[in-house]
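Notes follow the structure.
First the proteins, then the strands, lettered A, B, ... as listed; each starts at 1. Nothing here was measured: the structure is a model prediction, and the numbers come from that model.
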Number of protein chains: 2
Amino acid sequence: MSQIRVAVIGASGEAGRSIVSGLLEQSTTFDISVFVRPGTEDKPIYVTYKDQGISMVSYIPGDVEQLVSKLKNIDVLISAVTATAYDEQIPFIVAAKKASVKRFLPSAYSTVQPPEGVSALRDHRQRILNEVLRNYLPYTHVETGWWYQSIVPEIPSGRTSYLKLNFPVKENAIPGDGSARLAITDIWDVGRYIARIIADPRTLNKSVFAYAEVHTVNMLYDTWDDVTREKVTRNYLKEEEIEEMISKGKAGIESGNHDLQAFANLHVGQYWRSWGIRGDNTPANAKFLGYLDVQELYPDHKPVAYADWVERAVAGEVKSPLA
Amino acid sequence: MSQIRVAVIGASGEAGRSIVSGLLEQSTTFDISVFVRPGTEDKPIYVTYKDQGISMVSYIPGDVEQLVSKLKNIDVLISAVTATAYDEQIPFIVAAKKASVKRFLPSAYSTVQPPEGVSALRDHRQRILNEVLRNYLPYTHVETGWWYQSIVPEIPSGRTSYLKLNFPVKENAIPGDGSARLAITDIWDVGRYIARIIADPRTLNKSVFAYAEVHTVNMLYDTWDDVTREKVTRNYLKEEEIEEMISKGKAGIESGNHDLQAFANLHVGQYWRSWGIRGDNTPANAKFLGYLDVQELYPDHKPVAYADWVERAVAGEVKSPLA
């Protein structure tokens with residue numbers, strides 16, 4: 001069988017690195033190339049990719065005709081662009097349709113939420129997906145649950161500090177009373193799942209929920225308590241406090257303040273409300289919303305287990321998402 | 001098996017009459033009630049319904065708590081409200097969730113289109129559907145294709161004039177060159193399909209495309225030529241003419257002009273562009289957009305055939321949609 005020719009945009013970010021890594025694990029199946037924004041060719045990660053045999057494709061953003069020619073021999077185009085760059089996908093969508101790309105994955109890879117009215121980022125993802133639908137571009141929409149890497153608490157001994165994300169939100173925050181169930185996934189499993197999904201005709205023109213485990217946040221913290229044998233602080237956040245955080249973020253952004261603090265307040269606040277208060281991010285809700293369940297599609301795939309991951313995290317042995 | 005308790009809102013309109021009629025054809029299966037807006041109890045159609053044994057339920061629009069109590073014993077709530085009343089569904093959605101209604105059908109029953117960016121009415125339907133999703137209210141979204149009744153040409157002998165819709169758009173209009181394929185359905189089959197769909201667990205939380213036949217508009221006009229043995233005028237409308245019609249309608253509505261002419265220009269123009277120029281309204285596109293195909297679900301259902309319908313239409317024998 002000939003290789004599947006896959007191109008990735010946004011390959012230098014957290015999800016993009018996982019995706020490239022997942023594809024490389026099946027390197028006989030995939031012929032991989034990475035689209036590189038002008039002026040970013042020297043990023044260390046791109047040098048690494050080149051050393052791994054990945055083709056680098058430079059392009060002029062927004063030049064649809066050029067994109068058509070660069071996508072002509074691509075079977076699958078995977079977008080992993082960051083949230084602030086979602087709209088950069090639009091010329092790629094138009095060009096991919098013209099170039100007869102056989103499948104497009106819009107950037108997503110996060111929690112399951114209803115398509116409108118719960119969070120600004122999910123609404124934005126839906127507008128992009130609607131652009132895909134309006135163009136009848138074959139697609140797969142993949143959400144993955146909350147990442148193990150996004151819910152690492154600070155612990156008294158400091159053994160988890162090396163995994164700290166530079167995101168200005170309250171440490172050790174637990175939305176509500178911590179009793180909402182949520183689906184979670186090691187970010188490094190995202191790419192492994194995607195390598196299966198894009199080679200699978202059953203997932204064409206569908207949404208897929210690719211998660212590993214389902215727990216309450218309280219259960220996640222119990223695991224940290226057990227593994228570290230330390231008492232891990234739990235900062236329960238009332239719904240009103242999360243609403244306030246969201247309002248503050250919104251006000252900041254509306255007053256033209258595009259700093260990370262406003263961004264974090266609005267978007268992390270909306271994620272916390274969605275999975276922590278509303279309880280959106282579960283396999284049952286994903287089914288209601290039309291997603292295929294990755295565990296039914298690939299029962300043989302054993303994702304990284306959360307308890308094992310916490311043990312390795314505390315031992316200083318897990319890769320940070322931008323490693 | 002106990003009867004399915006079905007309530008209909010918007011039961012006096014074209015789609016609503018077909019739905020009630022379809023349910024009545026299976027009267028042993030369904031216990032039917034109809035929600036009646038205050039002040040409209042005396043409409044002749046409601047008197048007819050009462051004579052047919054249907055329960056009339058009066059309600060106060062927007063009073064969610066009252067709606068909850070009135071929906072408590074309802075299994076399936078079907079909305080057939082007219083496009084100008086789509087937003088009136090929102091309190092029903094909130095109340096139906098609280099009352100544990102087992103399935104809601106938002107008003108739709110028209111052509112298949114992508115969910116956003118093609119027509120204002122389809123966009124509006126999607127916002128209502130997104131409200132359903134955000135509330136995790138079990139639902140079925142049914143589109144039916146263009147109605148036989150919406151594409152009746154004037155013919156020289158005047159034998160079709162009794163079916164004329166009072167809608168101020170160009171007579172005998174054919175979008176583009178008439179070569180786009182579109183799915184069509186006798187409006188009186190809409191209710192028959194819905195009677196099957198709401199009793200079918202396979203259609204829960206899905207979109208269904210419930211159409212009868214697929215033809216080009218040129219083929220439909222060929223049928224009129226053949227049956228009438230008259231030369232039926234074909235007024236081909238260029239894409240630019242349709243765009244102009246849409247712009248005029250938009251401008252009219254934006255200037256506060258809510259007359260039927262502006263409404264017809266905008267919305268009929270957008271429908272014609274969608275099914276006649278873009279070619280959205282086909283079973284293949286419906287599949288891409290996630291719809292189940294009614295002809296695969298119910299291969300035994302024989303919808304009214306278009307050629308037969310035209311013969312009966314010319315003979316003066318078909319019921320108008322508001323009969």
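- When all heavy atoms of B:Phe288 and A:Val132 are compared, the pair lying nearest together is CZ-O, 4.4 Å.
- Here CD of A:Glu116 is found 8.0 Å from CD of B:Gln126. Values are rounded to the nearest 0.5 Å.
- Here A:Asp280 is the residue among A:Asp280, A:Val118, A:Asn135 with the most heavy-atom pairs under 4.5 Å with chain B.
- Only the side chain of B:Arg278 comes within less than 4.5 Å of a heavy atom in chain A; its backbone stays farther off.
- Within a 6.0 Å radius of CD in A:Glu244, no more than 12 heavy atoms belonging to other residues, nucleotides or ligands are found.
- For B:Asn285, the parts lying under 4.5 angstrom from a heavy atom of chain A are both the backbone and the side chain.
- Considering all non-hydrogen atoms of both residues, B:Asn130 and A:Pro115 come closest at OD1-CG, 3.4 Å.
- Legend: ring pair (Phe, Tyr, Trp, His ring centres under 6.0 Å) pairs involving residues 80-104 of chain B, not counting sequence neighbours, sorted by first then second residue: B:Phe35-B:Phe92, B:Tyr59-B:Phe92, B:Tyr86-B:His124.
- More than 12 non-hydrogen atoms from other residues, nucleotides or ligands lie less than 6.0 angstrom from NZ of B:Lys97.
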Exercise for review: Starting from the C-alpha separation in whole Å, work towards a yes-or-no answer on side-chain contact (heavy atoms from CB on, under 4.5 Å) for A:Gln113 and B:Arg134.
Suggested key: CA-CA 8 Å; A:Gln113 302 175 58; B:Arg134 210 168 60 79; over 6 Å; no
